[in-house]
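For reference, the structure discussed in these notes is given below.
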Protein chains: 2
Amino acid sequence: MSDLLERLRGRGWRLTAQRRVVAEVLNGDHVHYTADEVHALATSRLPEISRATVYNTLGELVSLGEVIEVSTDGRAKRYDPNAHHDHHHLVCSRCGTIRDVHPAGNPLSDLPEQERFGFAVTAVEVTYRGVCPSCASA
Amino acid sequence: MSDLLERLRGRGWRLTAQRRVVAEVLNGDHVHYTADEVHALATSRLPEISRATVYNTLGELVSLGEVIEVSTDGRAKRYDPNAHHDHHHLVCSRCGTIRDVHPAGNPLSDLPEQERFGFAVTAVEVTYRGVCPSCASA
DNA sequence: GTCTTGACTTAGACAAAGTCCAATGTAGGA
DNA sequence: TCCTACATTGGACTTTGTCTAAGTCAAGAC
């Protein structure tokens, strides 16, 4: 993760305690926190961090391409630090749990030219939905 | 569209002026209105319809499987009446315009068993993103 | 080490999207 | 026509996110 901080500093990012804490909270695999969850976790390490700073920092990480914004349910957006490995998401329709998945094939090449309507298509997101094992057994 | 109203009545739906108006507003192809847009259009036909009723009715149409809820941007959800023809969405990253598209292949079968983590996977949504012709030329 | 400055952070007001509730109205069967 | 369970209403409330003005501070210059 200090990789990330190094990279950010290299891009002229001013390194503050608040930004470091947000980056640390997002460290790890299979992390998909909402902004509020990030704020709660950040607060436990740096009690005086404000909501606005969390939102600002998350927004910057997204525009720097270090974090991906995911909105699977039309409610709070979630932030996925796994930005450097192509993947898609599998979401539980009951509890909202998210898993990273790697489908075969390339959906981008599955969209024929005449179905692009002149758009310059640059990205594709695939969201699988279903019921997770623990919700199914409950 | 009276098909829809017939079908709903057959399911025991109580047919009110408000519900009829909401269903009429959603009539058509390539319709992807927000709840607010539906409310505005409904109001022009039935001025006293309330926001709560629009939300209730949209929610019911969704649970009846007559309308699909789409959230492409983490802002307002959009409602897509094209629920009986399998399709996916192409979204302009600048203006938010949505087009229905029909990619080749079946992304559901692209998710191998070991990538399902025990989930009972029932649905998949594919969202293509890019810049539409009119935003590109502007 | 200290100074300076522009970028960063803060608290709180504000906004957008959606939910909830108690009171009122009404569709459709008896 | 009447009844009643279901639908609608308006407004308060919640959640999620944005904005701003004032204060703070990281990091380069000296």
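Reminder, nothing fancy here: chain letters follow the sequence lines and each chain counts from 1. Quick note: numbers below take in every heavy atom, side chains included, and nothing from hydrogens, waters or symmetry partners.
For Arg11(A) and Glu60(A), the salt-bridge test fails: no basic side-chain N is under 4.0 Å from an acidic carboxylate O. For Glu37(A) and Arg78(A), the salt-bridge test passes: some basic side-chain N is under 4.0 Å from an acidic carboxylate O.
The separation between Lys77(A) atom NZ and dA16(C) atom P is 15 Å, rounded to whole Å. Distance, Gln18(B) CD to dA27(C) P: 8 Å, rounded to whole Å. Whole-Å rounding puts the Ile49(A) CD1 to dT9(C) P distance at 8 Å. Spacing between atom NE2 of His39(A) and atom C1' of dG12(C) amounts to 13 Å, rounded to whole angstrom units. Note: CD (Glu37(B)) to P (dG18(C)) measures 11 Å, nearest angstrom. Counting to the nearest Å, the P atom of dA11(C) and the OH atom of Tyr55(A) are 15 Å from each other. Per the geometry, CD belonging to Glu60(A) stands 6 Å off P belonging to dC8(C), to the nearest Å. Between Glu69(B) atom CD and dG18(C) atom C1' the separation is 11 Å, expressed in whole Å.
Comparing Arg9(B) and Thr34(B), the nucleotide of DNA chain C nearest to each residue sits closer to the 5' end for Thr34(B). Residue-to-nucleotide proximity on DNA chain C shows that, of Arg78(B) and Asn56(B), the 5′-proximal contact is made by Arg78(B).
In the set dC20(C), dA17(C), dC8(C), the nucleotide with an atom closest to the side chain of Ala52(B) is dC20(C).
Side-chain rings of His89(B) and His32(B) approach one another, their centers coming within less than 6.0 Å.
For the pair Val31(B) and Pro81(B), the tightest heavy-atom approach, listed with the atom from each and the gap, is O-CD, 3.3 Å.
The salt bridge (Lys or Arg N to Asp or Glu O under 4.0 Å) check on Arg51(A) picks up nothing, with sequence neighbours excluded. Residues satisfying the side-chain hydrogen bond (donor to acceptor under 3.5 Å, both in side chains) criterion with Thr53(B), sequence neighbours excluded, are Ser50(B).
In this structure, the side chains of Phe119(B) and Cys92(A) come closer than 4.5 Å at one or more pairs of heavy atoms.
Within the 4.0 Å cut-off from OP1 or OP2 of dT26(C), not a single side-chain nitrogen or oxygen of Arg14(B) is found.
Residue-level contact check: Arg51(B) touches the bases, meaning some heavy atom is under 4.0 Å from a base atom. Base contact: Thr53(A) has a heavy atom under 4.0 Å from a base atom.
Taking a heavy-atom distance under 4.0 Å as the criterion, the stretch of DNA chain D touched by chain A extends 5' to 3' from dT15(D) to dA27(D).
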